[in-house]
**Q** 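So that we are looking at the same thing, I have put the structure below in structure tokens.
A quick note: this is a predicted structure, and the numbers were derived from the prediction, not measured. As a basis for the values below, the full set of heavy atoms in this structure was taken, side chains included, without hydrogen atoms, waters or symmetry mates. FYI, the numbering just counts along the sequence from 1.
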Amino acid sequence: MLRIYDRVLTTTSGGNISIIDEDENIWITPAGVDKGLLKPSDIVCVKKDGTILGVHQPSSEYPFHRAIYKKRPDIKAVIHAHPPGMVAFSIVRKVPDTRVLPQVRALCGNIGYAPYAMPGTEALGERIAEEFKEGVSVVIMENHGTVTGGSDISDAYQKFELMEATAKSILYGYRIGNLHTLTETCIEKHLMRFKTSLPEEAQEPSFSTANREKRTELHKIINRACRQGLMMGAYGSMSVRWEENNFIITPDGLSKWDLTPGDLVQIRNGKTEKGKVPDKTVLLHQAIYERHPEINAVIITQPIYLTSFAITGAHFNVRTIPETWIYLQDIQMGELGCLFANKDTQQPVLPENSPVMIIKNEGVVVAGNKLLQAFDYLEVAEFSAKSLILSTSLGDMIPIEDNEIEALGKVMGRWKNYEWKI
């Protein structure tokens with residue numbers, strides 16, 4: 001709940017979270033307590049027999065949490081809140097189309113829709129639970145908010161966070177173009193491209209000091225990216241080269257929010273660290289390092305504003321402010337699957353002198369000669385994308401003139417080399 005509040009996805013008084021344990025006791029956030037200051041001792045336990053343990057009363061929305069658990073025994077955690085993107089859909093009585101991004105479709109599937117009922121009532125609980133009974137894991141509550149369910153609290157949060165980001169990308173996408181959705185066949189084919197992985201090393205690894213330093217550096221940047229909304233817990237990968245074509249990458253199946261340096265996966269001589277599973281994009285990272293010796297860090301992610309361009313195919317004009325053009329040059333946009341050869345092997349031909357590439361209905365690929373440089377490119381690109389989208393309510397964007405771009409080109413090399421020479 002603190003993470004949801006800190007990410008500005010709920011208010012002081014809004015939202016509630018619960019977990020059901022193996023004895024069917026429901027642990028839930030309390031009613032009337034500041035969501036930004038919750039302590040573990042504030043959480044209320046509602047026993048299977050209805051007995052309430054704790055210093056507070058359970059959330060007034062407890063009835064629909066209980067109803068969901070009864071209808072869906074596989075769900076062990078429920079999150080309800082009023083994040084602005086999903087609420088925007090709820091108040092016009094629509095649901096976001098998850099077919100705009102393959103990963104969102106795979107994790108969240110179809111979105112359920114529960115007709116309006118009075119908050120805190122048994123009727124609301126039944127309407128929401130009926131939607132979950134149909135097999136969905138995310139439900140829009142008419143004129144209210146959203147509910148997600150998961151196999152554990154991390155799974156529920158990943159769906160909640162990813163759907164809110166996707167909802168916002170769709171909403172902002174309407175400002176700059178028309179949404180492009182994918183067919184189920186296209187989504188399935190694209191996801192299959194990431195099924196092949198690397199063989200595992202036979203021996204337990206031993207890590208050098210340099211390797212441990214790289215892990216710590218990578219962990220810090222991943223954590224920063226999550227806090228700033230540049231990477232989601234459920235999707236995104238980041239890696240850093242540590243020697244020759246060997247690198248360290250985020251693992252598969254673990255929330256980016258909860259990673260430790262020890263969870264990161266070493267790839268050495270084309271083999272993955274014993275006992276660990278690297279992110280599904282590992283072969284793409286490996287191919288980039290093999291083909292581009294000047295690249296030492298790679299980020300693949302779906303930040304909200306850049307993703308709006310990815311799901312619409314709208315032109316990203318970087319000629320907005322000097323820093324944007326100097327750092328990013330002219331951002332290229334590729335079709336979904338453009339980084340794969342005909343036989344679905346990776347062929348990461350990244351645009352020359354352009355560190356950022358938007359992939360339609362996929363996200364963004366960022367590369368740099370240092371990890372912090374790649375992260376900076378990502379920040380600059382997302383900030384610029386946000387400015388472009390927000391400017392649409394004021395009028396047409398007026399780019400920097402060609403003669404000004406030419407003058408910037410003369411100083412560009414000196415500026416970039418100075419910024420990143422250490």
**Q** Is there a donor in the side chain of D152 and an acceptor in the side chain of S154, or the other way round, less than 3.5 Å apart?
**A** no

**Q** How close do A106 and L191 get, counting heavy atoms only, and between which atoms?
**A** CB-CD1, 3.7 Å

**Q** Could you tell me whether K386 and E382 have a side-chain N and a carboxylate O separated by less than 4.0 Å?
**A** no

**Q** Heavy-atom count around E290 CD within 6.0 Å, excluding the residue itself: above 12?
**A** yes

**Q** What orientation do H144 and H80 show, parallel under 30°, tilted 30 to 60°, or perpendicular over 60°?
**A** perpendicular

**Q** So, for T146 and F160, which heavy atoms are closest and what is the spacing to 0.1 Å?
**A** CG2-CE1, 4.0 Å

**Q** Would you name the heavy atoms of L388 and N317 that are closest together and state the gap between them?
**A** CD1-O, 3.5 Å

**Q** Has D23 got more than 12 heavy atoms of other residues, nucleotides or ligands less than 6.0 Å from its CG?
**A** yes

**Q** I'd like to know if E244 pairs up with R268 as an ion pair, taking the criterion as any Lys NZ or Arg NE/NH1/NH2 lying under 4.0 Å from an Asp or Glu carboxylate oxygen.
**A** no

**Q** Does D376 pair with K370 as a salt bridge, N-O distance under 4.0 Å?
**A** no

**Q** Angle class for the H190/F194 ring planes (parallel below 30°, perpendicular above 60°, tilted otherwise)?
**A** perpendicular

**Q** Do E362 and R193 sit within salt-bridge range, that is, some charged N less than 4.0 Å from a carboxylate O?
**A** no

**Q** Whether D42 and K39 form a salt bridge (side-chain N of Lys/Arg under 4.0 Å from carboxylate O of Asp/Glu) is what I want to check.
**A** yes

**Q** Taking side chain as C-beta onward, heavy atoms only, is I300 less than 4.5 Å from H285?
**A** yes

**Q** For N246 and N269, indicate whether the former's side chain and the latter's backbone hold a donor-acceptor pair under 3.5 Å.
**A** yes

**Q** Looking only at heavy atoms, what is the nearest atom pair of S18 and I26, with distance?
**A** CB-CG2, 3.9 Å

**Q** Nearest 0.5 angstrom please: K271 NZ to L198 CG, how far?
**A** 10.5 Å

**Q** Is it true that S237 and T281 share a donor-acceptor pair across their side chains at a distance under 3.5 Å?
**A** yes

**Q** May I ask you to decide whether K274 forms a salt bridge with E201, counting only side-chain N to carboxylate O separations under 4.0 Å?
**A** no

**Q** Look at the aromatic rings of F316 and F309 and report parallel, tilted or perpendicular, splitting at 30° and 60°.
**A** tilted

**Q** More than 12 heavy atoms of other residues, nucleotides or ligands under 6.0 Å from CZ of F207: is that the case?
**A** yes

**Q** Between D49 and K47, is the closest basic N to carboxylate O distance under 4.0 Å?
**A** no

**Q** Which atoms form the tightest heavy-atom contact between G177 and T312, and what is the distance?
**A** C-CG2, 4.2 Å

